[in-house]
Amino acid sequence: MKLALMNDWLLLEKKQKKIKTVGGLELSGSVQEEMDSGLAEVELIGDEVKTIKVADVVFYHEYDAKEIFVEGKKKWLLSEKNVLGRFLN
């Protein structure tokens, strides 16, 4: 089943990266999750999205996103107006 988003909605997948301390210790999953909570890659965009593209990495306030499951995988829905910024390559 194919998903199409309406209006200015974005479908996000949170980025997971390994975080090491200055001393070289790798942080545990719960600490990493908290630090990465507002960082995600855009997987799909609605038809009214103007400034964000698929594959952009965006940051946002974690409470603005709505958690959903798509084909058994955890994803997040976020309105474009709630994006705080995006990383430029």
Side-chain angles (χ1 to χ4, degrees):
M1 181 164 49
K2 190 169 181 169
L3 177 65
L5 296 178
M6 306 294 287
N7 304 322
D8 73 336
W9 288 98
L10 309 169
L11 182 69
L12 307 174
E13 181 172 358
K14 287 193 178 182
K15 300 290 285 179
Q16 294 294 330
K17 61 183 179 185
K18 300 221 183 263
I19 300 173
K20 287 189 177 183
T21 65
V22 175
L25 296 174
E26 211 168 274
L27 298 178
S28 69
S30 61
V31 174
Q32 282 187 9
E33 190 174 303
E34 186 173 322
M35 292 179 76
D36 289 343
S37 61
L39 182 66
E41 184 173 345
V42 178
E43 289 193 342
L44 189 64
I45 61 173
D47 55 354
E48 293 180 12
V49 174
K50 296 182 181 11
T51 58
I52 306 295
K53 300 181 300 274
V54 172
D56 279 354
V57 176
V58 297
F59 54 97
Y60 57 95
H61 189 272
E62 65 181 309
Y63 297 112
D64 289 335
K66 294 160 183 39
E67 183 180 305
I68 64 168
F69 287 88
V70 177
E71 297 179 354
K73 294 182 181 178
K74 195 186 295 188
K75 308 286 181 179
W76 284 262
L77 286 174
L78 182 72
S79 176
E80 182 182 26
K81 67 183 176 196
N82 291 324
V83 172
L84 300 175
R86 66 184 171 100
F87 289 94
L88 303 174
N89 292 338

**Q** With a 4.5 Å heavy-atom cut-off, do Lys53 and Arg86 have their side chains touching?
**A** yes

**Q** Could you pull out the closest heavy-atom pair between Ile52 and Val49, with the gap in Å?
**A** O-CG1, 3.5 Å

**Q** Under a 4.5 Å side-chain heavy-atom rule over Ile, Leu, Val, Met, Phe, Trp and Tyr, are Leu11 and Leu78 clustered together?
**A** no

**Q** Between Phe87 and Val57, is there a side-chain heavy-atom distance shorter than 4.5 Å?
**A** yes

**Q** Assess whether atom CD of Glu67 is packed by more than 12 heavy atoms of other residues, nucleotides or ligands within 6.0 Å.
**A** yes

**Q** Look at the side chain of Glu80 and the backbone N and O of Thr51, then say whether any donor-acceptor pair between them is shorter than 3.5 Å.
**A** yes

**Q** Return the CG to CD1 distance between Leu12 and Ile45, rounded to the nearest 0.5 Å.
**A** 11.5 Å

**Q** Just list the side-chain donor-acceptor pairs under 3.5 Å for residues 1-9, sequence neighbours left out, or say none.
**A**
| from | atom 1 | to | atom 2 | distance (Å) |
| --- | --- | --- | --- | --- |
| Asp8 | OD1 | Ser79 | OG | 3.2 |
| Asp8 | OD2 | Ser79 | OG | 2.8 |

**Q** Looking only at non-hydrogen atoms, find the nearest pair between Leu39 and Tyr60 and report the distance.
**A** N-CE2, 4.0 Å

**Q** Just wondering, do Phe69 and Lys74 contact through their side chains at under 4.5 Å, heavy atoms?
**A** yes

**Q** For Ala40 and Lys14, which heavy atoms make the closest approach, and how far apart are they?
**A** CB-CA, 3.9 Å

**Q** So do the side chains of Leu10 and Leu77 get within less than 4.5 Å of each other, counting heavy atoms only?
**A** no

**Q** With a 4.5 Å cut-off on side-chain heavy-atom distances among I, L, V, M, F, W and Y, is there a chain of contacts connecting Trp76 to Leu44?
**A** no

